[in-house]
2 protein chains.
Amino acid sequence: MDYKDFENCGLKKALNMVSGKWKPMILHFLFHYGEYRFNDLWRSMPKVSKKVLTEHLRQMEEQGLIKRREVNGFPLEVYYHLSEKGRELGPILAALDEFGNS
Amino acid sequence: MDYKDFENCGLKKALNMVSGKWKPMILHFLFHYGEYRFNDLWRSMPKVSKKVLTEHLRQMEEQGLIKRREVNGFPLEVYYHLSEKGRELGPILAALDEFGNS
DNA sequence: AAACAAAGTTACCTAAAAGTAACCTTCTTG
DNA sequence: CAAGAAGGTTACTTTTAGGTAACTTTGTTT
């Protein structure tokens, strides 16, 4: 039982997926609204920079938590929503929330 | 439904308790061994500095996740173990681990 | 033709987290 | 009486995360 057990464990990966200053909040909005646009997210989180918001969204997309949907037209609209995998986080985040509140 | 809902939510607090480069690993060892000494923890995690290990342990103690027990004698021994609250994290971390592995 | 809108990107800067190496205290052991 | 062990602390450096402001592209509106 040593630290190497840890380098590739699921816990580490999972915590990585939600750690990032704004990621829990992104998830919160996507759980609540289902689909949400880039600028709406941005305006909902007044202190986040577009740069960081983009980075967070890209990472979460890569990790399979969320999906990006472009709607052509002008101006271009980009919608984000949770993937099936992302939705599985629901009960886990709820448990964490309860834990943190108790 | 805005970002202020988030500033003091349990989820934020809970994620805070486990975020820190070595915190999940500290929990991992404490869950596995029950009680573990400072230097044993330190030697089990070859790349952590004593400074950061101490900081993490202090924070987790403040947040009520772990307890510190001194055994007088020479050299002095300090044992760390999970509190009751800390043990409640067990199933949640297990769920995260499963999530991260799937 | 200028202004605006969405969804970014870019170059640069600041702040926060973590790392390094030396040092400290209290005793025991060689 | 020097060295070592446990459990740290301290001052300083490096690395990483996040922030800022300006700019870009494609088209629509005024």
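We name chains A, B, ... by the order of the sequence lines, and we start the count at 1 in each one. These values consider heavy atoms only, across backbone and side chains, with no hydrogens, waters or symmetry-generated copies.
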Problem - A:Tyr33-A:Glu35 side chain donor-acceptor pair, cut-off 3.5 Å - result: no
Handout entry: Lys/Arg-Asp/Glu bridge criterion (N-O < 4.0 Å) met for B:Arg37, B:Glu77
Key = yes
Handout entry: Salt bridge B:Glu55-B:Lys51, side-chain N to carboxylate O under 4.0 Å
Key = yes
Handout entry: Where at least one partner belongs to residues 19-28 of chain A, residue pairs that pass side-chain hydrogen bond (donor to acceptor under 3.5 Å, both in side chains), sequence neighbours excluded
Key = A:Lys23-A:Gln59
Handout entry: Path from A:Tyr79 to A:Leu65 over hydrophobic side-chain contacts below 4.5 Å
Key = no
Exercise for the section: Indicate, yes or no, whether a donor-acceptor pair under 3.5 Å links the base of C:dG8 to the side chain of A:Lys51. Expected result: no
Problem - Heavy-atom side-chain proximity of A:Phe29 to A:Asp40 below 4.5 angstrom - result: no
Completion exercise
Residues pairing under side-chain hydrogen bond (donor to acceptor under 3.5 Å, both in side chains) where one sits in residues 82-101 of chain B, two or more places apart or in two chains, turn out to be none
Handout entry: DNA chain D contacts made by residues 23-48 of chain A, counting heavy atoms under 4.0 Å
Key = A:Lys47
Completion exercise
B:Arg69 atom CZ is separated from D:dA6 atom P, nearest whole Å, by 16 Å
Handout entry: Pairing of B:Lys12 and B:Glu7 as salt bridge, 4.0 angstrom limit
Key = yes
Practice task
Find which nucleotide of DNA chain D each of A:Glu55 and B:Val78 is nearest to by heavy atoms, and output the residue with the more 5' nucleotide.
Solution key: B:Val78
Exercise for the section: Please list every stem that involves DNA chain C, where a stem is a run of 3 or more consecutive Watson-Crick or G-U wobble pairs with both pairing distances under 3.5 Å. Expected result: C:1-30 with D:1-30
Problem - B:Asn39 and B:Val78, any side-chain heavy atoms less than 4.5 Å apart - result: no
Exercise for the section: Just call it for B:Gly73: base, sugar-phosphate, or nothing, with non-hydrogen atoms closer than 4.0 Å on any strand. Expected result: nothing
Completion exercise
Taken to the nearest whole Å, CG/B:Leu53 to P/C:dG19 is 10 Å
Handout entry: Validation row: A:Val71, A:Leu76 side chains within 4.5 angstrom (heavy atoms)
Key = no
Exercise for the section: Could you label the plane-to-plane angle of the B:Phe38 and B:Tyr80 rings as parallel, tilted or perpendicular, counting under 30° as parallel and over 60° as perpendicular? Expected result: tilted
Handout entry: Non-hydrogen side-chain atoms of B:Leu15 and A:Pro24 separated by less than 4.5 Å
Key = yes
Practice task
Kindly indicate whether the side chain of A:Ile92, heavy atoms from C-beta on, has any atom under 4.5 Å from the side chain of B:Leu96.
Solution key: yes
Exercise for the section: Report the distance from atom CH2 of B:Trp22 to atom P of C:dA18, rounded to the nearest whole Å. Expected result: 10 Å
Exercise for the section: Using a cut-off of strictly less than 4.0 Å, decide whether B:Lys21 has a side-chain nitrogen or oxygen near OP1 or OP2 of D:dT16. Expected result: no
Handout entry: Contact letters for nucleotides 22-30 of chain D, in which S counts primed atoms plus P, OP1 and OP2 and B counts the base, heavy atoms under 4.0 Å
Key = ----SSS--
Practice task
Could you state the atom-to-atom distance from OH of B:Tyr80 to C1' of D:dG7 in whole Å?
Solution key: 8 Å
Handout entry: Strand contacts (DNA chain D) in residues 56-68 of chain B, 4.0 angstrom heavy-atom criterion
Key = B:Arg58, B:Arg68
Practice task
Tell me what A:Tyr79 touches on the nucleic acid: a base, only sugar-phosphate, or nothing, going by heavy atoms under 4.0 Å.
Solution key: nothing
Handout entry: Pairwise side-chain contact, A:Arg68 with A:Arg58, heavy-atom cut-off 4.5 Å (strictly under)
Key = yes
